[in-house]
There are 2 protein chains.
Amino acid sequence: VILTRGLRRQYRMGDTVINALDGVDLSIRPGEYVAIMGPSGSGKSTLMNVIGCLDSPDGGEYWLNGQLASSMNDRELARVRNREIGFVFQTFNLLQRATALHNVEVPLIYSGIARKERLARAVEAMRQVGLESRLDHQPNELSGGQRQRVAVARALVTRPSILLADEPTGNLDSTTATEILELFDELHRAGNTIVLVTHDRKVGEHAERVVRMLDGRVQSDTRNSTS
Amino acid sequence: VILTRGLRRQYRMGDTVINALDGVDLSIRPGEYVAIMGPSGSGKSTLMNVIGCLDSPDGGEYWLNGQLASSMNDRELARVRNREIGFVFQTFNLLQRATALHNVEVPLIYSGIARKERLARAVEAMRQVGLESRLDHQPNELSGGQRQRVAVARALVTRPSILLADEPTGNLDSTTATEILELFDELHRAGNTIVLVTHDRKVGEHAERVVRMLDGRVQSDTRNSTS
Ligand SMILES: Nc1ncnc2c1ncn2[C@@H]1O[C@H](COP(=O)(O)OP(=O)(O)OP(=O)(O)O)[C@@H](O)[C@H]1O
Ligand SMILES: Nc1ncnc2c1ncn2[C@@H]1O[C@H](COP(=O)(O)OP(=O)(O)OP(=O)(O)O)[C@@H](O)[C@H]1O
Ligand SMILES: [Mg+2]
Ligand SMILES: [Mg+2]
């Protein structure tokens with residue numbers, strides 16, 4: 001469902017070129033549960049942004065569901081994103097002037113869902129991440145881990161076939177993190193694809209497969225023995 | 001060096017009152033290394049903001065170095081903050097339009113340090129957190145873990161007698177996290193006080209003492225056996 005070949009992404013800073021992605025080959029089948037790990041700065045978020053159709057590569061190819069994503073225009077990319085992909089950002093990217101509930105509701109507005117159903121589904125997603133008592137708080141009225149959970153709820157509310165989560169538990173205590181991982185398991189058991197970036201070894205062991213990155217390339221790609 | 005008694009901090013949301021801090025008694029001696037842990041939303045960041053002189057309590061008292069912080073005016077609080085305290089924010093709070101190097105330099109400008117020395121010290125702090133190759137990047141040109149490390153470098157550059165770090169390793173792989181903790185150890189061995197909020201059990205075990213919070217109160221306060 002996700003196939004990249006020789007993916008490149010470069011940033012020019014004066015005379016230097018930073019190869020954030022330096023030739024990435026990745027193949028993820030429908031229904032797989034993949035963890036992406038690697039040192040700070042190794043290109044994990046850059047990779048997630050490309051496969052999440054939020055950024056275009058400078059080289060190489062990316063096929064999503066058999067379609068060449070690098071040949072899509074912005075409108076087609078936006079439609080694919082909304083219909084197929086749920087994205088949890090490493091830095092949350094919540095609307096600061098809107099309530100938590102409204103933040104979670106927004107993807108359903110883009111999907112064209114009617115208001116009554118949107119609200120019911122957004123409330124349910126907030127309940128699933130343990131934030132039913134925080135519906136009307138704005139992001140700056142929430143703790144770090146609560147903001148992270150709003151970002152998770154927003155990614156899950158469309159029941160995406162592909163969940164891309166960039167370090168979704170970094171601000172959570174272990175009990176709350178386990179609850180969030182159980183939500184991902186639920187989505188996975190329903191046949192959906194999960195790709196998550198994590199620094200937490202236990203979260204990595206929870207996945208079926210661990211892809212390790214180093215300096216913008218895939219360093220290793222291992223199946224977990226217990227899956 | 002840090003003493004709180006019956007500390008309260010409340011937020012009013014319509015008819016509800018949220019007791020973010022619900023009577024916190026905490027006593028930290030000079031040179032101690034304390035970890036603060038507890039569930040998401042339990043009041044850890046709120047407590048850190050009060051003891052870091054960034055927020056005033058609604059009730060109770062807070063003494064810093066024998067002085068009643070709640071009786072200081074804004075100018076006195078700002079001076080204490082700059083002279084004594086290094087603060088690593090859970091959400092980094094970097095200046096978006098400035099380079100990483102300039103971000104790290106800013107506390108030294110407030111200290112009245114001359115430019116040549118400021119730059120030397122800021123470059124050294126960036127080197128200590130492994131970011132010597134990222135001096136001229138702005139925050140949006142850095143990975144999540146790199147931004148976190150800039151926030152750490154900024155907190156360490158004044159060699160504070162009290163380091164307050166709110167989840168300083170949440171975005172870091174274990175190798176990089178260990179390097180950051182070694183910097184804190186170095187500051188601690190020089191006789192300074194370290195208070196860090198963490199969700200990472202290993203980081204908690206690294207401290208001399210673990211204070212657990214729950215629902216705005218201190219639930220437990222335990223010395224680590226190995227220290
Ligand atoms: N401005 C605000 N208005 C209303 N409630 C707030 C506000 N700021 C924080 N809160 C609430 O106060 C409680 C404590 O927040 P705090 O940020 O201290 O938690 P925390 O322990 O740091 O959590 P985390 O581990 O998720 O970072 C939370 O339940 C939060 O929703
Ligand atoms: N806009 C930019 N301009 C220049 N360099 C950039 C830019 N964005 C990212 N980089 C660099 O690209 C590299 C990869 O960044 P990326 O965010 O993908 O890392 P990461 O693996 O997600 O790291 P972390 O674990 O710290 O989140 C980093 O070294 C970073 O400094
Ligand atoms: Mg990242
Ligand atoms: Mg917090």
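Naming convention: chains lettered A, B, ... in sequence-line order (proteins, then strands); numbering from 1 in each chain. Here the structure is a predicted model, which is why all the values come from computation and not from measurement. Every heavy atom of this structure was used, including side-chain atoms; hydrogens, water molecules and symmetry mates were not.
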- Roughly how far apart are B:Met213 CE and A:Asp173 CG, rounded to 0.5 Å? 13.0 Å
- Contact winner vs chain A - B:Gln146, B:Lys44, B:Gln148, B:Met37, heavy-atom pairs under 4.5 Å: B:Gln146
- Tell me, side chain or backbone of B:Arg134 under 4.5 Å from chain A's heavy atoms, or both, or neither? side chain
- Message: I'd like to know whether B:Thr91 forms a side-chain contact (heavy atoms from CB on, under 4.5 Å) with A:Arg147, so could you lay out the CA-CA distance, the side-chain angles of the two residues, the decisive distance to 0.1 Å, and finally the verdict.
- Response: CA-CA 11 Å; B:Thr91 48; A:Arg147 288 174 209 169; 3.4 Å; yes
- Message: Given heavy-atom pairs under 4.5 angstrom as the criterion, report whether the side chain, backbone, both or neither of B:Glu167 touches chain A.
- Response: side chain
- Note on the structure: Heavy-atom nearest pair, B:Met13 first then A:Asp136, reads CE-O, 4.0 Å
- Item | Residue among B:Gly170, B:Ser45, B:Ala20 with most heavy-atom pairs under 4.5 Å to chain A | B:Gly170
- Distance, nearest 0.5 Å, that separates NE2 of B:His137 from CD1 of A:Ile18: 3.5 Å
- Message: I'd like to know whether CG of B:Asn93 has more than 12 heavy-atom contacts from other residues, nucleotides or ligands below 6.0 angstrom.
- Response: yes
- Query: Closest approach of B:Arg149 and A:Ser40, non-hydrogen atoms and distance?
  - Reply: NH2-OG, 2.8 Å
- Do other residues, nucleotides or ligands put more than 12 heavy atoms under 6.0 Å from the CG atom of A:Asp74? no
